[in-house]
Protein chains: 2
Amino acid sequence: MVSTIKEIARRANVSIATVSRALNNNPKVTEQTRELIQKIADELSYKPNLAARNFVKKTSNVIGLILPDIADEFFSELIKGIDEVCYDNDYYTMVISTHRYRTLEETLNSLIRSGLLGGLIILIPNFTEPIKKLLSFAKMPVVLIGGGLGNNEYDIVSLDNYQGIYDITKYLIRKCNYTNLVHLSGPIDNDDAAIRIQAFRDCCNEFNIPSQNAQIIQGDFTRSSGVLLGMEIMNLKNKPEVIVAANDMMALGCYDAAKKKGLSIPDDIAVTGFDDIFVSQYLTPSLTTVRAQIEKEGHQAAELLMSKLNGNSHSPNTINRIKIPTELVIRNSIKQINKG
Amino acid sequence: MVSTIKEIARRANVSIATVSRALNNNPKVTEQTRELIQKIADELSYKPNLAARNFVKKTSNVIGLILPDIADEFFSELIKGIDEVCYDNDYYTMVISTHRYRTLEETLNSLIRSGLLGGLIILIPNFTEPIKKLLSFAKMPVVLIGGGLGNNEYDIVSLDNYQGIYDITKYLIRKCNYTNLVHLSGPIDNDDAAIRIQAFRDCCNEFNIPSQNAQIIQGDFTRSSGVLLGMEIMNLKNKPEVIVAANDMMALGCYDAAKKKGLSIPDDIAVTGFDDIFVSQYLTPSLTTVRAQIEKEGHQAAELLMSKLNGNSHSPNTINRIKIPTELVIRNSIKQINKG
DNA sequence: CGTTTAGATGTAAACGTTTACATGCAAAAT
DNA sequence: ATTTTGCATGTAAACGTTTACATCTAAACG
């Protein structure tokens, strides 16, 4: 029942070192003894004690995924993308969310020295100095997910926030001929949100939308802030023609707001989102949005981490920045363009 | 930088044993020495090496959550519910999904002996003999989530599947006066699905619905099976008045099917679901369904596990079976009843 | 035939912590 | 004053594995 390397050694009449070597396919062990040891290991249905192995090797086959909080669809796709790659590489995924009272710093500080993790994937809303400092003590590879403004040390995977918002804004201006837009943004201290704001601004500038017709209203990515600020926007004397929400959840809130105000989408006011969450296609009208390939984002982050762990990082000294392309999803929450 | 118990011992001029005891609040250490040791530990910002601790104690502060596959909203809520409780108890959550080629058995077999986990929460579609056997070797507490037919060994948390489907079926028969129903079920080898089928059957029997008007069509919980079988149902010569889907995803599929067939919900055919996933309230018409409190399910499962781990299980020898109550959510995908 | 060499195996330490047991010392009991 | 008691601390083993180094054996070489 207790099948350890020691027991195998006893039965095979060899030392535990030889057993260890044999089982790890170390070349300096005869094919004959390897076979014998393997046979006995199979008989005992030996499984290595990974806790012991990790401990002595000072690494771990567990990678930590640190998330601000475990909430929606977004995270479940991310986890899936990451876990798939990890699992294929014989790594396990530990999901750590920075909860209510515990801060990210505190969590990081314990975890970095716990010896429990062999690598770290961190989704950071904004990359602050204290976190940078803490991370520099980590003896394990780290990959960042998200905006990552101010990061020039770690590999990072982000959505192409800029392209996404730029594209949709451009579409609204050029294809739909909207001339009065508002960006319902995320919190400015969120790097993704900040980039999206910049893209909206740049695009409106480029196409000569006067600044009073390219306002930015700051929300917090939640549905309720979408409802609240959506109402506010609809009450504006200079009511915009279209709300460019920084994510689908807030766009959803705008739908609620429109309903409350008795406005119809897109005739009275148009709405667009970002993310293309599952519900968006089922809304009435269906939501025009920017598709974010979250699962792919997780995938890439994990791939990056694995390549560092396996040491076959083709460019060990440069930092890799991967941008996941976004895709415009035109549906019915905006004015239909006359085709042809 | 390398702050170990050994280094603290050296600086405090005591043995490592004393340090260990002091830091673990073992009563047999003077308040004076404890303070000294704590002070030095703080100075060095000592954090225990959990890998080493887990290894020597032959337990772990990581609990494993085994899922069939990491996919939708459902799982992210479950993870959230579990992780919250674990985190509050200083446990971490490792998410393990049984992937494509690796079977649940294989995964369990490695993990049970890996020493990586201190407890296990398993979501099992159906609880088979090989899995039972494997689980019996686990030296750690185990809690099951889901139907769990045939389990009489482990603590288990399940949705009240029976009550949920019974209630909604009864509502359709008694309140809405439907007399021809069909149950679009999940796979029969899924315990939750099996219980839902039974509830539908029992309820229809109880209210004297003839069996040809209480058919059961077997789907597989996916949206696409909902589309396919929804179409089939709508083509039946004895077309039912209402489809009682075993989950919201399949109900969603039925919406698509109705659209394709040009049928209107609920006038031509009514549809109900189970789960109350996020999208359901936003469908047109909004979906009448049974609300499943998934997060609570996870919560309870983790609570159960924690109480076992902390040894304050009030009833160590009996198995705890917790049923999470469901709640009817009446919306517009069924005939409105005349109120009063 | 003796010596070198290379390859296979063994020996033992190491990882950081916990903990059973031993020791020492001071206060309490005689 | 001597013995007992009880408590604080120290000693050392243990957990299962890896791995640097030592040792042994047999083949290759002169």
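The sequence lines fix the lettering, A, B, ..., with proteins before strands; numbering per chain opens at 1.
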Checklist entry - Between atom CG in Leu23(A) and atom C1' in dT9(C), what is the gap in whole Å? => result 16 Å
Next on the checklist: Using a 4.0 Å heavy-atom cut-off, does Ser20(A) contact any base of the nucleic acid, only the sugar-phosphate backbone, or nothing at all?
Outcome noted: base
Checklist entry - Ignoring hydrogens and geometry, is there a side-chain-to-backbone donor-acceptor pair from Thr98(A) to Pro68(A) under 3.5 Å? => result yes
Item to check | Spacing between Lys28(B) atom NZ and dC21(C) atom P, to the nearest angstrom | outcome: 11 Å
Item to check | Distance below 4.0 Å between Thr18(A) side-chain N/O and dA8(C) OP1 or OP2 | outcome: no
Next on the checklist: Is any side-chain heavy atom of Gln300(A) closer than 4.5 Å to one of Lys296(A)?
Outcome noted: yes
Next on the checklist: Closest-nucleotide mapping onto DNA chain D: is Val14(B) or Lys57(B) further toward the 5' terminus? I mean the 5' end.
Outcome noted: Val14(B)
Checklist entry - Which whole-number value in Å describes the distance from Arg113(A) CZ to dC15(C) P? => result 18 Å
Item to check | Under-4.0 Å side-chain N/O to phosphate OP1/OP2 contact, Asn24(A) with dT18(D) | outcome: yes
Checklist outcome for this item: Rounded to whole Å, CG of Asn49(B) lies from C1' of dC15(C) at a distance of 8 Å
Checklist entry - Under 4.0 Å between a side-chain N/O of Ser15(A) and OP1 or OP2 of dT9(C), yes or no? => result no
Checklist entry - Roughly, in whole Å, what's the span from NZ in Lys6(A) to C1' in dT11(C)? => result 14 Å
Next on the checklist: Here's a test of your reading of the structure: between Thr30(B) and Ala52(B), which maps to the more 5' nucleotide of DNA chain D?
Outcome noted: Thr30(B)
Checklist entry - Rounded to whole angstroms, how far apart are NZ on Lys58(A) and P on dT17(C)? => result 9 Å
Checklist entry - Stacking check: are the rings of Phe55(A) and dC15(C) less than 5.5 Å apart at their centres and under 30 degrees in tilt? => result yes
Checklist entry - Can you check whether Tyr46(B) has a side-chain N or O nearer than 4.0 Å to OP1 or OP2 of dG16(C)? => result no
Checklist entry - Is any side-chain N of the basic residue among Glu129(B) and Lys133(B) closer than 4.0 Å to the acidic one's carboxylate O? => result no
Next on the checklist: Regarding Asn13(A), tell me which of base, sugar-phosphate or nothing describes its non-hydrogen contacts under 4.0 Å with the strands shown.
Outcome noted: sugar-phosphate
Checklist entry - When the distance from CZ of Arg10(B) to C1' of dG10(D) is rounded to whole Å, what number comes out? => result 18 Å
Checklist entry - Roughly how many Å is it from CZ in Arg21(B) to C1' in dG10(D), rounded to a whole number? => result 8 Å
Next on the checklist: Classify Val29(B) by what it touches in the nucleic acid, base, sugar-phosphate, or nothing, heavy-atom distance under 4.0 Å.
Outcome noted: sugar-phosphate
Next on the checklist: Looking at Thr33(B), I'd like to know whether one of its side-chain N or O atoms comes within less than 4.0 Å of OP1 or OP2 on dT9(D).
Outcome noted: yes
Checklist entry - Parallel under 30°, tilted from 30 to 60°, perpendicular over 60°: which one fits the rings of Phe55(A) and Phe55(B)? => result tilted
Checklist entry - Taking the side chain as C-beta and beyond, is there a heavy-atom pair between Val95(B) and Asp83(A) under 4.5 Å? => result no
